[in-house]
Number of protein chains: 2
Amino acid sequence: MTSAVPCYCATLRIAARKATAVYDEALAPAGIALAQFSLLRKIERAGREVSLSELGRLAALDRSTVGRNVKVMRRKGFIEVGSGDDRREATVRLAEGGRAALAAGAPLWRAAQARVEAKLGEGGAGQLRALLAAL
Amino acid sequence: MTSAVPCYCATLRIAARKATAVYDEALAPAGIALAQFSLLRKIERAGREVSLSELGRLAALDRSTVGRNVKVMRRKGFIEVGSGDDRREATVRLAEGGRAALAAGAPLWRAAQARVEAKLGEGGAGQLRALLAAL
DNA sequence: TCGACTTGCGGGTATATGCCCGCAATGACC
DNA sequence: GGTCATTGCGGGCATATACCCGCAAGTCGA
(Lines give C-alpha, C1' and ligand atoms only; values in the text may rest on other atoms or scores of the structure.)
Protein backbone atom coordinates (compact mmCIF):
# COMPACT_ATOMS: atom_id res chain seq x y z
CA MET A 1 0.00 0.00 0.00
CA THR A 2 1.36 3.31 -1.03
CA SER A 3 0.28 5.76 1.62
CA ALA A 4 -0.69 9.22 0.47
CA VAL A 5 2.53 10.98 1.39
CA PRO A 6 2.53 14.27 -0.49
CA CYS A 7 5.73 15.05 -2.33
CA TYR A 8 7.13 18.42 -1.25
CA CYS A 9 8.47 19.00 -4.70
CA ALA A 10 5.23 18.23 -6.49
CA THR A 11 3.34 20.40 -4.02
CA LEU A 12 5.76 23.26 -4.53
CA ARG A 13 5.50 22.97 -8.27
CA ILE A 14 1.75 23.09 -8.16
CA ALA A 15 1.80 26.06 -5.82
CA ALA A 16 4.25 27.85 -8.09
CA ARG A 17 2.08 27.17 -11.15
CA LYS A 18 -1.05 28.40 -9.42
CA ALA A 19 0.63 31.50 -8.06
CA THR A 20 2.07 32.20 -11.49
CA ALA A 21 -1.42 32.00 -12.98
CA VAL A 22 -2.71 34.48 -10.42
CA TYR A 23 0.07 36.98 -11.03
CA ASP A 24 0.01 36.50 -14.79
CA GLU A 25 -3.68 37.26 -14.88
CA ALA A 26 -3.24 40.30 -12.69
CA LEU A 27 -0.35 41.60 -14.81
CA ALA A 28 -2.04 40.92 -18.14
CA PRO A 29 -3.31 44.50 -18.57
CA ALA A 30 0.31 45.65 -18.37
CA GLY A 31 1.20 43.35 -21.23
CA ILE A 32 3.69 41.28 -19.29
CA ALA A 33 3.73 38.01 -17.39
CA LEU A 34 5.30 37.36 -14.03
CA ALA A 35 8.45 35.62 -15.22
CA GLN A 36 9.55 38.63 -17.25
CA PHE A 37 8.19 41.15 -14.77
CA SER A 38 10.28 39.51 -12.10
CA LEU A 39 13.40 39.72 -14.23
CA LEU A 40 12.73 43.38 -14.99
CA ARG A 41 12.48 44.07 -11.28
CA LYS A 42 15.84 42.42 -10.69
CA ILE A 43 17.39 44.64 -13.31
CA GLU A 44 15.69 47.70 -11.86
CA ARG A 45 16.84 46.85 -8.36
CA ALA A 46 20.39 46.38 -9.52
CA GLY A 47 20.38 50.04 -10.47
CA ARG A 48 22.97 49.49 -13.15
CA GLU A 49 23.72 47.34 -16.14
CA VAL A 50 24.02 43.70 -15.22
CA SER A 51 25.56 40.85 -17.12
CA LEU A 52 23.56 37.77 -18.01
CA SER A 53 25.45 35.72 -15.45
CA GLU A 54 24.74 38.24 -12.72
CA LEU A 55 21.09 38.28 -13.63
CA GLY A 56 21.10 34.52 -13.44
CA ARG A 57 22.52 34.63 -9.94
CA LEU A 58 20.01 37.30 -8.90
CA ALA A 59 17.08 35.31 -10.22
CA ALA A 60 18.41 31.86 -9.37
CA LEU A 61 18.14 30.88 -13.01
CA ASP A 62 20.51 29.00 -15.22
CA ARG A 63 22.58 31.34 -17.33
CA SER A 64 21.41 29.86 -20.58
CA THR A 65 17.82 30.35 -19.47
CA VAL A 66 18.54 33.99 -18.79
CA GLY A 67 20.07 34.31 -22.23
CA ARG A 68 16.93 33.02 -23.91
CA ASN A 69 14.57 35.05 -21.74
CA VAL A 70 16.60 38.15 -22.41
CA LYS A 71 16.29 37.58 -26.11
CA VAL A 72 12.51 37.57 -25.82
CA MET A 73 12.42 40.65 -23.59
CA ARG A 74 14.69 42.46 -25.96
CA ARG A 75 12.43 41.71 -28.88
CA LYS A 76 9.53 43.11 -26.87
CA GLY A 77 11.38 46.31 -26.19
CA PHE A 78 11.64 45.77 -22.45
CA ILE A 79 15.40 45.85 -22.30
CA GLU A 80 18.46 46.79 -24.28
CA VAL A 81 21.51 44.64 -24.58
CA GLY A 82 25.04 45.96 -24.73
CA SER A 83 28.49 44.84 -23.76
CA GLY A 84 30.58 45.77 -20.77
CA ASP A 85 34.25 46.48 -20.33
CA ASP A 86 34.88 42.80 -20.16
CA ARG A 87 34.11 42.00 -23.74
CA ARG A 88 32.83 38.58 -22.88
CA GLU A 89 29.94 40.09 -21.01
CA ALA A 90 26.57 40.90 -22.50
CA THR A 91 24.94 43.49 -20.27
CA VAL A 92 21.28 44.38 -20.05
CA ARG A 93 19.53 47.55 -18.99
CA LEU A 94 15.93 48.68 -18.93
CA ALA A 95 14.53 50.14 -22.13
CA GLU A 96 11.56 52.49 -22.30
CA GLY A 97 9.16 49.62 -22.75
CA GLY A 98 10.56 47.92 -19.70
CA ARG A 99 10.17 50.99 -17.54
CA ALA A 100 6.62 51.38 -18.81
CA ALA A 101 5.80 47.74 -18.07
CA LEU A 102 7.26 48.08 -14.58
CA ALA A 103 5.23 51.21 -13.95
CA ALA A 104 2.01 49.75 -15.30
CA GLY A 105 2.57 46.45 -13.58
CA ALA A 106 3.51 47.73 -10.13
CA PRO A 107 -0.02 48.31 -8.82
CA LEU A 108 -1.26 45.12 -10.49
CA TRP A 109 1.54 43.17 -8.89
CA ARG A 110 0.70 44.65 -5.50
CA ALA A 111 -2.90 43.56 -5.93
CA ALA A 112 -1.88 40.00 -6.71
CA GLN A 113 0.59 40.00 -3.86
CA ALA A 114 -2.15 41.19 -1.50
CA ARG A 115 -4.55 38.55 -2.77
CA VAL A 116 -2.04 35.80 -2.09
CA GLU A 117 -1.20 37.25 1.27
CA ALA A 118 -4.86 37.20 2.18
CA LYS A 119 -5.06 33.52 1.32
CA LEU A 120 -2.06 32.78 3.48
CA GLY A 121 -3.58 34.59 6.40
CA GLU A 122 -2.03 36.29 9.39
CA GLY A 123 1.55 35.32 9.83
CA GLY A 124 1.31 32.73 7.13
CA ALA A 125 3.07 34.96 4.67
CA GLY A 126 6.08 35.37 6.89
CA GLN A 127 6.16 31.69 7.68
CA LEU A 128 6.11 30.80 4.02
CA ARG A 129 9.01 33.12 3.29
CA ALA A 130 11.01 31.63 6.14
CA LEU A 131 10.30 28.09 5.01
CA LEU A 132 11.15 28.73 1.39
CA ALA A 133 14.31 30.53 2.41
CA ALA A 134 15.34 27.35 4.22
CA LEU A 135 15.42 25.59 0.88
CA MET B 1 12.62 53.90 -3.39
CA THR B 2 11.53 50.41 -4.15
CA SER B 3 11.70 48.51 -0.91
CA ALA B 4 12.85 44.93 -1.06
CA VAL B 5 9.45 43.27 -0.81
CA PRO B 6 9.90 39.71 -1.95
CA CYS B 7 7.35 38.50 -4.45
CA TYR B 8 5.59 35.37 -3.20
CA CYS B 9 5.31 34.10 -6.70
CA ALA B 10 8.95 34.60 -7.59
CA THR B 11 9.97 33.02 -4.30
CA LEU B 12 7.73 30.05 -4.91
CA ARG B 13 9.07 29.61 -8.41
CA ILE B 14 12.64 29.63 -7.19
CA ALA B 15 11.81 27.17 -4.44
CA ALA B 16 10.08 24.90 -6.93
CA ARG B 17 13.06 25.03 -9.29
CA LYS B 18 15.51 24.25 -6.53
CA ALA B 19 13.43 21.44 -5.14
CA THR B 20 13.01 20.03 -8.62
CA ALA B 21 16.78 20.05 -9.05
CA VAL B 22 17.22 18.16 -5.79
CA TYR B 23 14.66 15.49 -6.68
CA ASP B 24 15.83 15.25 -10.27
CA GLU B 25 19.36 14.58 -9.14
CA ALA B 26 18.20 12.01 -6.63
CA LEU B 27 16.03 10.25 -9.20
CA ALA B 28 18.62 10.32 -11.96
CA PRO B 29 19.85 6.75 -11.32
CA ALA B 30 16.29 5.57 -11.96
CA GLY B 31 16.35 7.25 -15.35
CA ILE B 32 13.46 9.57 -14.65
CA ALA B 33 12.97 13.14 -13.51
CA LEU B 34 10.51 14.39 -10.94
CA ALA B 35 7.89 15.77 -13.29
CA GLN B 36 7.34 12.41 -14.93
CA PHE B 37 7.85 10.45 -11.74
CA SER B 38 5.13 12.51 -10.16
CA LEU B 39 2.74 11.80 -13.01
CA LEU B 40 3.49 8.09 -12.84
CA ARG B 41 2.63 8.15 -9.16
CA LYS B 42 -0.70 9.79 -9.91
CA ILE B 43 -1.50 7.06 -12.38
CA GLU B 44 -0.39 4.39 -9.93
CA ARG B 45 -2.48 5.87 -7.16
CA ALA B 46 -5.53 6.01 -9.36
CA GLY B 47 -5.36 2.24 -9.54
CA ARG B 48 -7.05 2.20 -12.93
CA GLU B 49 -6.84 3.70 -16.35
CA VAL B 50 -7.27 7.44 -16.28
CA SER B 51 -8.10 9.83 -19.06
CA LEU B 52 -5.83 12.72 -19.91
CA SER B 53 -8.31 15.17 -18.46
CA GLU B 54 -8.51 13.25 -15.21
CA LEU B 55 -4.75 13.14 -15.00
CA GLY B 56 -4.70 16.86 -15.55
CA ARG B 57 -7.07 17.38 -12.65
CA LEU B 58 -5.06 15.04 -10.43
CA ALA B 59 -1.80 16.79 -11.19
CA ALA B 60 -3.23 20.29 -11.46
CA LEU B 61 -1.88 20.57 -14.97
CA ASP B 62 -3.44 21.95 -18.10
CA ARG B 63 -4.88 19.20 -20.23
CA SER B 64 -2.75 20.06 -23.22
CA THR B 65 0.35 19.88 -21.03
CA VAL B 66 -0.67 16.41 -19.91
CA GLY B 67 -1.14 15.41 -23.52
CA ARG B 68 2.40 16.39 -24.40
CA ASN B 69 3.96 14.89 -21.29
CA VAL B 70 2.12 11.67 -21.92
CA LYS B 71 3.52 11.52 -25.40
CA VAL B 72 7.04 11.69 -24.03
CA MET B 73 6.38 9.10 -21.33
CA ARG B 74 4.84 6.81 -23.87
CA ARG B 75 7.89 7.04 -26.08
CA LYS B 76 10.03 6.14 -23.08
CA GLY B 77 7.96 3.09 -22.35
CA PHE B 78 6.63 4.34 -19.05
CA ILE B 79 2.99 4.19 -19.99
CA GLU B 80 0.59 2.81 -22.55
CA VAL B 81 -2.18 4.77 -24.14
CA GLY B 82 -5.57 3.37 -25.04
CA SER B 83 -9.09 4.58 -25.36
CA GLY B 84 -12.01 4.23 -22.99
CA ASP B 85 -15.68 3.51 -23.55
CA ASP B 86 -16.21 7.14 -24.26
CA ARG B 87 -14.42 7.24 -27.56
CA ARG B 88 -13.33 10.79 -27.04
CA GLU B 89 -11.14 9.74 -24.15
CA ALA B 90 -7.52 8.73 -24.38
CA THR B 91 -6.67 6.66 -21.32
CA VAL B 92 -3.26 5.92 -19.88
CA ARG B 93 -1.99 3.05 -17.75
CA LEU B 94 1.41 2.06 -16.43
CA ALA B 95 3.63 0.04 -18.73
CA GLU B 96 6.44 -2.21 -17.57
CA GLY B 97 8.97 0.57 -17.85
CA GLY B 98 6.79 2.79 -15.72
CA ARG B 99 6.46 0.22 -12.99
CA ALA B 100 10.20 -0.31 -13.07
CA ALA B 101 10.88 3.42 -12.86
CA LEU B 102 8.48 3.73 -9.94
CA ALA B 103 10.13 0.84 -8.16
CA ALA B 104 13.66 2.09 -8.78
CA GLY B 105 12.72 5.65 -7.97
CA ALA B 106 10.78 5.02 -4.75
CA PRO B 107 13.77 4.81 -2.39
CA LEU B 108 15.54 7.64 -4.21
CA TRP B 109 12.45 9.79 -3.90
CA ARG B 110 12.22 9.02 -0.19
CA ALA B 111 15.83 10.10 0.24
CA ALA B 112 15.18 13.43 -1.49
CA GLN B 113 11.99 13.90 0.48
CA ALA B 114 13.90 13.26 3.72
CA ARG B 115 16.63 15.68 2.72
CA VAL B 116 14.11 18.43 2.09
CA GLU B 117 12.28 17.63 5.28
CA ALA B 118 15.52 17.96 7.18
CA LYS B 119 16.07 21.41 5.73
CA LEU B 120 12.59 22.46 6.73
CA GLY B 121 13.14 21.29 10.26
CA GLU B 122 10.74 20.14 12.93
CA GLY B 123 7.21 21.06 12.09
CA GLY B 124 8.30 23.11 9.16
CA ALA B 125 7.29 20.40 6.75
CA GLY B 126 3.75 20.33 8.02
CA GLN B 127 3.52 24.10 8.05
CA LEU B 128 4.68 24.27 4.47
CA ARG B 129 2.04 21.75 3.38
CA ALA B 130 -0.65 23.72 5.15
CA LEU B 131 0.46 26.99 3.62
CA LEU B 132 0.71 25.65 0.11
CA ALA B 133 -2.67 23.99 0.47
CA ALA B 134 -4.11 27.40 1.24
CA LEU B 135 -3.14 28.51 -2.24
C1' DT C 1 55.23 36.31 -22.29
C1' DC C 2 53.08 32.01 -22.85
C1' DG C 3 50.42 28.23 -21.70
C1' DA C 4 46.62 26.61 -18.34
C1' DC C 5 42.63 27.72 -15.91
C1' DT C 6 38.46 30.31 -15.32
C1' DT C 7 34.63 32.88 -16.79
C1' DG C 8 30.82 34.48 -19.97
C1' DC C 9 28.04 33.38 -23.89
C1' DG C 10 25.54 31.30 -27.83
C1' DG C 11 23.42 27.42 -29.64
C1' DG C 12 21.78 22.55 -29.70
C1' DT C 13 18.72 19.33 -27.40
C1' DA C 14 14.91 18.04 -24.50
C1' DT C 15 11.16 19.04 -21.33
C1' DA C 16 7.54 21.50 -19.17
C1' DT C 17 3.68 24.63 -19.31
C1' DG C 18 -0.46 27.25 -20.78
C1' DC C 19 -3.77 29.38 -24.15
C1' DC C 20 -6.48 29.09 -28.16
C1' DC C 21 -8.73 26.88 -32.19
C1' DG C 22 -11.03 23.35 -34.36
C1' DC C 23 -12.90 18.65 -34.63
C1' DA C 24 -15.31 14.68 -32.94
C1' DA C 25 -18.14 12.32 -29.62
C1' DT C 26 -21.69 12.88 -25.90
C1' DG C 27 -25.58 14.53 -23.61
C1' DA C 28 -29.54 17.22 -22.76
C1' DC C 29 -33.80 19.12 -24.23
C1' DC C 30 -37.32 19.83 -26.93
C1' DG D 1 -35.00 12.22 -33.48
C1' DG D 2 -32.97 16.48 -34.37
C1' DT D 3 -30.47 20.64 -32.63
C1' DC D 4 -27.18 22.69 -29.33
C1' DA D 5 -24.32 23.00 -25.61
C1' DT D 6 -20.61 20.31 -23.27
C1' DT D 7 -16.68 17.53 -22.98
C1' DG D 8 -12.14 15.42 -24.52
C1' DC D 9 -8.31 15.79 -27.61
C1' DG D 10 -4.68 17.14 -30.94
C1' DG D 11 -1.98 20.65 -32.75
C1' DG D 12 -0.22 25.45 -33.32
C1' DC D 13 2.02 29.15 -30.86
C1' DA D 14 4.85 31.19 -27.27
C1' DT D 15 7.57 30.85 -23.07
C1' DA D 16 10.27 28.97 -19.50
C1' DT D 17 13.87 25.95 -17.93
C1' DA D 18 18.14 23.14 -17.64
C1' DC D 19 22.27 20.62 -19.33
C1' DC D 20 26.07 20.18 -22.39
C1' DC D 21 29.55 21.62 -25.90
C1' DG D 22 32.50 24.77 -27.88
C1' DC D 23 34.45 29.33 -28.56
C1' DA D 24 36.28 33.65 -27.03
C1' DA D 25 38.17 36.73 -23.54
C1' DG D 26 40.43 37.42 -19.26
C1' DT D 27 43.65 35.87 -15.38
C1' DC D 28 47.46 34.10 -13.31
C1' DG D 29 51.54 31.77 -12.44
C1' DA D 30 56.14 30.13 -13.99
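Chain naming here is simple, since letters A, B, ... match the order of the sequence lines and numbering starts at 1 in each.
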Going by atom type alone, with no hydrogens or angles, which donor-acceptor pairs under 3.5 Å involve a side-chain atom of residues 22-33 of chain B and a protein atom two or more places apart or on another chain?
| residue | atom | partner | partner atom | Å |
| --- | --- | --- | --- | --- |
| Tyr23(B) | OH | Gln113(B) | OE1 | 2.6 |
| Asp24(B) | OD1 | Leu34(B) | N | 2.7 |

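Considering only side-chain N and O atoms, Lys76(B) lies under 4.0 angstrom from the phosphate OP1 or OP2 of dT15(C). Checking the phosphate oxygens (OP1, OP2) of dG18(C), no side-chain nitrogen or oxygen of Thr20(A) falls inside 4.0 Å. OP1 or OP2 of dC9(D) sits under 4.0 Å from a side-chain N or O of Ser53(B). Applying the 4.0 Å criterion to OP1 and OP2 of dG18(C), one finds that Thr65(B) has a side-chain N or O inside that range. Taking only side-chain nitrogens and oxygens, Asn69(A) never comes nearer than 4.0 Å to OP1 or OP2 of dT15(D). For dG11(C), one of the phosphate oxygens OP1 or OP2 lies less than 4.0 angstrom from a side-chain nitrogen or oxygen of Lys71(A). Between Arg17(B) and dT17(D) there is a side-chain N or O to OP1 or OP2 distance below 4.0 Å.
Taking every side-chain heavy atom of Arg13(A) into account, dT17(C) is the closest of dA25(C), dG8(C), dT17(C). Side-chain proximity of Ser51(B) to dG8(D), dT7(C), dC9(D): nearest is dC9(D). Proximity note for Leu52(B) (side chain, C-beta onward) versus dA16(C), dC9(C), dC9(D): the nearest is dC9(D). Listed nucleotides: dG8(D), dG8(C), dC20(C). Nearest to the side chain of Glu89(B): dG8(D).
Toward the 5′ end of DNA chain D lies the nearest nucleotide of Leu61(A), the other residue of the pair Asp85(A) and Leu61(A) mapping further downstream. Nucleotides of DNA chain C nearest to Ala21(A) and Arg57(A) differ in position, and the one nearer the 5' end is that of Arg57(A).
For the residue pair Arg129(B) and Thr11(A), no side-chain donor N or O sits within less than 3.5 Å of a side-chain acceptor on the partner.
Contact annotation for Arg63(B): base contact, defined as any heavy-atom pair under 4.0 Å involving a base atom. Within the nucleic acid shown, Asp62(A) comes within 4.0 Å of at least one base atom, counting heavy atoms only.
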